[in-house]
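As the structure lists them, so they are numbered: ligands from 1, and atoms in each ligand from 1. What you see is a predicted model, and the numbers here were worked out from it, not measured in a lab.
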Amino acid sequence: MLIIGPPGSGKGTQAERISERLGVVAISTGDIFRAHVKGGTPLGVEATRYMDAGDFVPDSVTNEMVRNRLSQDDAGNGFVLDGYPRTVAQVDYLDAILAAGEQELGVVLQLTADDAELVSRLLGRARETGRSDDNESVIRHRLDLYHQQTEAVVARYAGRGILAQVDGIGGIDDVTDRVLACIGNVLGAPVDGR
Ligand code: AMP
């Protein structure tokens, strides 16, 4: 499955929880990029200037990285992919990867939240973690990109009838419960509760 949401919607947290519940690996493109930046790899050096500006890392870098990651053994039984695709071109690329591996998307989960709430959450996170892309002008740019590009991704999956939309505002456990119920509805079978 995929998890899509604006920056600050809690998609990373929910992706980890869902992956535990479904027994499949959680893969976050943002985390992979941050690991490369930390390790000072050539990919990290390339990605960092885009990330710090709140821009998307170019598809030429991102697509290949995702293809490699999804080809690893632990993704063979399924995965929760967080942060990809973010553009319609990436949707096409992911379709090709999945078709080649004879895999199919089960659910695309969108976490929703309004911009004012997101900005205040992200400014709070910036104070706690010092993430270099969590200052106000970069935050607003990342939100703009989400509206301009990633909402079209959501529309694509809605057209395929596999979209589950969940309100991301509220306590972490409450959101997880809503998410699991919603995934169960799309899959047509309940996802085990705690
Ligand atoms: P995230 O942790 O998902 O908010 O991602 C952090 C940053 O990594 C983004 O602001 C982008 O610069 C980059 N990034 C993550 N996923 C993608 C993607 N699918 N396409 C392009 N850039 C990405």
Under-4.0 Å heavy-atom contact with ligand 1, by part of [X] that carries it:
| X | result |
| --- | --- |
| V57 | both |
| D59 | neither |
| F56 | both |

State, without any angle test, whether Y146 and R86 hold a side-chain donor-acceptor pair at a distance under 3.5 Å.
->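 Per modelled atom types, Y146 and R86 side chains form no pair under 3.5 Å.
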Check whether any side-chain heavy atom of [X] lies under 4.5 Å from a side-chain heavy atom of [Y], and answer yes or no.
| X | Y | answer |
| --- | --- | --- |
| R21 | V191 | yes |
| E64 | Y93 | yes |
| L43 | V57 | no |

Protein contact of [atom] - nearest heavy atom, named by residue and atom, plus distance:
| atom | value |
| --- | --- |
| atom 10 (O) of ligand 1 | R142 NE, 4.0 Å |
| atom 7 (C) of ligand 1 | M51 CE, 3.9 Å |
| atom 23 (C) of ligand 1 | F33 CE1, 3.7 Å |

May I ask you to list the atoms of ligand 1 that are less than 4.0 angstrom from any heavy atom of [X]?
| X | value |
| --- | --- |
| Y84 | 19 (N) |
| D55 | 11 (C), 12 (O) |
| R34 | 2 (O), 6 (C) |

Within 6.0 Å of CG in D114, more than 12 heavy atoms from elsewhere |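 Count over threshold, so yes.
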Pairs touching residues 153-163 that satisfy side-chain hydrogen bond (donor to acceptor under 3.5 Å, both in side chains), sequence neighbours left out =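 Every pair satisfying side-chain hydrogen bond (donor to acceptor under 3.5 Å, both in side chains) with a residue in residues 153-163: D92-R156, D95-R160.
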Quick check: [X] and ligand 1, any N/O pair under 3.5 Å apart?
| X | answer |
| --- | --- |
| D82 | no |
| T29 | yes |
| G83 | yes |

In terms of side-chain geometry, is the basic nitrogen of D74 or R69 positioned less than 4.0 Å from the acidic oxygen of its partner?
->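 Looking at D74 and R69, the cut-off is met.
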Lys/Arg-Asp/Glu bridge criterion (N-O < 4.0 Å) met for D115, R140 |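 R140 and D115: not salt-bridged.
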Nearest heavy atom to atom 9 (C) of ligand 1 wins, so pick from K11, R86, Q90.
->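 Among K11, R86, Q90, the closest heavy atom to atom 9 (C) of ligand 1 comes from R86.
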First locate atom CG of L105, then atom CG of L163, and finally report the distance between them rounded to the nearest 0.5 Å.
->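 Spacing of CG (L105) from CG (L163) equals 11.5 Å.
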